A.B. asks: 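Here it is, the structure in full.
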Amino acid sequence: MVRRLLSLTRPLYWLYEKRLLKEVKGGPVPKHLGLILDGNRRYARALGLSPVKGHEFGVQKAYEVLEWCLEMGIKTVTVWVFSTDNFKRPPEEVEELMRLFVREAERMAEDHRILEHQVRVRFIGRREGFSEEVLRALERLEAKTQHHQGMVLNIALGYGGREEIVDAVKRLLLEAWERGLSLKEVAEGLTPEDIARHLYTAGLPDPDFIIRTSGEIRLSGFLLWQSAYSEFYFADVLWPEFRKIDFLRALRSYQARERRFGR
């Protein structure tokens with residue numbers, strides 16, 4: 001009975017997806033989309049699987065969503081994959097995740113979607129705590145795509161919003177010290193633009209739109225500085241269950257909003 005019902009509803013979803021795609025393609029899309037990929041472990045737990053299996057499902061979904069972003073012409077995408085707090089998870093889970101990062105970095109370096117669409121991949125976050133094997137794999141992928149002229153894909157690993165701001169201020173102060181400026185001179189001349197120039201995402205537009213899956217209604221520190229004027233969308237589905245229909249509905253919601261930037 002369930003299979004019969006699914007076979008009957010599948011054409012309806014396909015038609016609805018096509019209609020949504022046509023509708024959304026006629027409107028503006030974010031210049032920079034932020035994605036908080038939440039719900040992998042809960043998805044695995046619901047299926048009686050290990051957390052690592054949930055992360056593997058999440059990786060496959062990330063490739064799908066990347067294709068959707070390319071189709072929509074979104075120029076910059078930042079995905080939060082692993083936070084500084086995630087190092088506190090059980091050691092065996094963290095170890096499996098590190099192996100997953102190495103495998104996927106090597107895979108992305110040869111992925112036809114990355115190469116054909118000239119996607120530039122950047123890793124943002126602190127690199128402390130990652131093994132040499134992980135860091136080498138990340139650096140190889142960055143180096144291979146550094147001259148690509150298409151979408152910029154930021155992958156946030158070892159990322160925390162407060163840590164990013166701290167790191168930006170440290171870099172700003174060290175730069176000022178190298179120029180022979182006093183703390184008083186730095187403080188008197190400091191502007192928001194000075195800090196923005198030292199963030200991990202320096203030179204890129206701030207995110208217009210941030211989507212978080214799994215039903216959690218918080219940012220958890222994601223792009224704290226850059227999200228001052230972002231629009232937010234919180235989807236109830238777990239990340240591995242995130243469908244193209246959900247993605248298009250989120251974009252439709254973004255297009256319906258009036259962005260005033262405090263005016």
Side-chain angles (χ1 to χ4, degrees), residues 13 16-17 19-21 23-25 27-47 51 54-55 57-86 89 124-125 151 153-157 159-165 200-201 204-262:
Y13 272 100
Y16 178 49
E17 180 185 303
R19 184 171 67 81
L20 260 181
L21 180 60
E23 179 183 340
V24 171
K25 273 200 165 183
V29 296
K31 294 182 179 67
H32 183 171
L33 174 66
L35 292 166
I36 303 176
L37 321 184
D38 196 14
N40 291 339
R41 296 199 297 172
R42 274 172 280 173
Y43 180 76
R45 191 160 54 241
L47 295 176
H55 296 308
F57 285 125
V59 167
Q60 297 311 311
K61 181 57 62 176
Y63 281 111
E64 280 187 63
V65 176
L66 172 62
E67 289 184 347
W68 304 339
C69 291
L70 288 168
E71 181 182 10
M72 296 304 301
I74 297 172
K75 299 298 185 184
T76 304
V77 177
T78 299
V79 296
W80 196 6
V81 172
F82 189 84
S83 74
T84 50
D85 290 332
N86 291 156
R89 290 181 175 178
I124 62 173
M151 173 197 288
L153 175 62
N154 299 313
I155 300 178
L157 279 177
Y159 178 85
R162 289 177 176 177
E163 288 84 351
E164 179 180 20
I165 294 170
Y200 302 148
T201 58
L204 296 173
D206 288 341
D208 311 272
F209 193 38
I210 294 174
I211 299 172
R212 180 172 186 156
T213 56
S214 86
E216 303 292 347
I217 306 177
R218 60 178 182 272
L219 288 182
S220 300
F222 182 61
L223 300 179
L224 279 179
W225 182 280
Q226 300 92 324
S227 63
Y229 293 104
S230 300
E231 299 291 332
F232 304 111
Y233 187 91
F234 300 99
D236 288 333
V237 297
L238 302 176
W239 175 248
E241 299 175 310
F242 191 61
R243 304 165 301 172
K244 191 172 185 179
I245 284 176
D246 301 311
F247 178 70
L248 293 172
R249 282 173 174 165
L251 291 180
R252 183 176 63 182
S253 172
Y254 168 79
Q255 292 173 347
R257 304 179 192 186
E258 181 184 357
R259 306 190 71 215
R260 295 190 294 274
F261 302 96

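In this text, all values refer to a predicted model and were calculated from it rather than measured experimentally.
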A.B. asks: Taking all non-hydrogen atoms of both residues, which atom of P240 and which atom of G54 are closest, and how far apart?
C.D. replies: CG-O, 4.2 Å
A.B. asks: Can you name the salt bridge (charged side-chain N to carboxylate O under 4.0 Å, His left out) partners of E241, sequence neighbours left out?
C.D. replies: none
A.B. asks: Rounded to the nearest 0.5 Å, what separation is found between the CZ atom of F234 and the CD1 atom of I211?
C.D. replies: 11.0 Å
A.B. asks: How far apart are the closest heavy atoms of V81 and N86, and which atoms are they?
C.D. replies: O-OD1, 4.3 Å
A.B. asks: Which residues pass the salt bridge (charged side-chain N to carboxylate O under 4.0 Å, His left out) test with R218, sequence neighbours left out?
C.D. replies: E216
A.B. asks: Can you give me the closest heavy-atom contact between F82 and W80, atom names plus distance?
C.D. replies: O-NE1, 3.6 Å
A.B. asks: Under 3.5 Å, is there a donor-acceptor pair between the side chain of E164 and the main chain of Y200?
C.D. replies: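 Yes, because the side chain of E164 sits within donor-acceptor range (under 3.5 Å) of the backbone of Y200.
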A.B. asks: Side chain to side chain donor-acceptor pair (under 3.5 Å) between R249 and S253: does it pass, once the steps are laid out?
C.D. replies: CA-CA 6 Å; R249 282 173 174 165; S253 172; over 6 Å; no
A.B. asks: Could you pull out all residues at least two apart from D236 that satisfy salt bridge (charged side-chain N to carboxylate O under 4.0 Å, His left out)?
C.D. replies: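 If we apply the salt bridge (charged side-chain N to carboxylate O under 4.0 Å, His left out) test to D236, skipping adjacent residues, there are no hits.
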A.B. asks: Going by side-chain contact (heavy atoms from CB on, under 4.5 Å), name the residues that satisfy it together with N154, two or more places apart in sequence or in a different chain.
C.D. replies: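 Residues passing side-chain contact (heavy atoms from CB on, under 4.5 Å) with N154: H32, T76, T78, R122, I124, V152, T201, L204.
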A.B. asks: Y159 side chain to L223 main-chain N or O, any donor-acceptor pair under 3.5 Å?
C.D. replies: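 A pair under 3.5 Å: yes.
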A.B. asks: What residues, two or more places apart in sequence or in another chain, satisfy salt bridge (charged side-chain N to carboxylate O under 4.0 Å, His left out) together with D206?
C.D. replies: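 Result, salt bridge (charged side-chain N to carboxylate O under 4.0 Å, His left out) vs D206: none returned.
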A.B. asks: Provide the closest heavy-atom pair for V29 versus G73 in the form atom of the first, atom of the second, distance.
C.D. replies: CG2-O, 4.4 Å
A.B. asks: What are the two closest non-hydrogen atoms of L224 and G161, and how far apart are they?
C.D. replies: CD1-C, 3.9 Å
A.B. asks: Under 3.5 Å, side chain of K61 to main-chain N/O of F242, donor-acceptor pair present?
C.D. replies: yes
A.B. asks: Donor-acceptor pair, T213 side chain versus L238 backbone, under 3.5 Å?
C.D. replies: no
A.B. asks: May I ask you to test the V79-L37 pair for a side-chain heavy-atom distance under 4.5 Å?
C.D. replies: yes
A.B. asks: Residues two or more places apart in sequence or in another chain: which of them pass ring-ring contact (aromatic ring centres under 6.0 Å, His included) with Y254?
C.D. replies: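 Y254 satisfies ring-ring contact (aromatic ring centres under 6.0 Å, His included) with F209 only.
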A.B. asks: What pair of heavy atoms forms the shortest contact from P30 to L251, and how long is it?
C.D. replies: CD-CD2, 3.8 Å
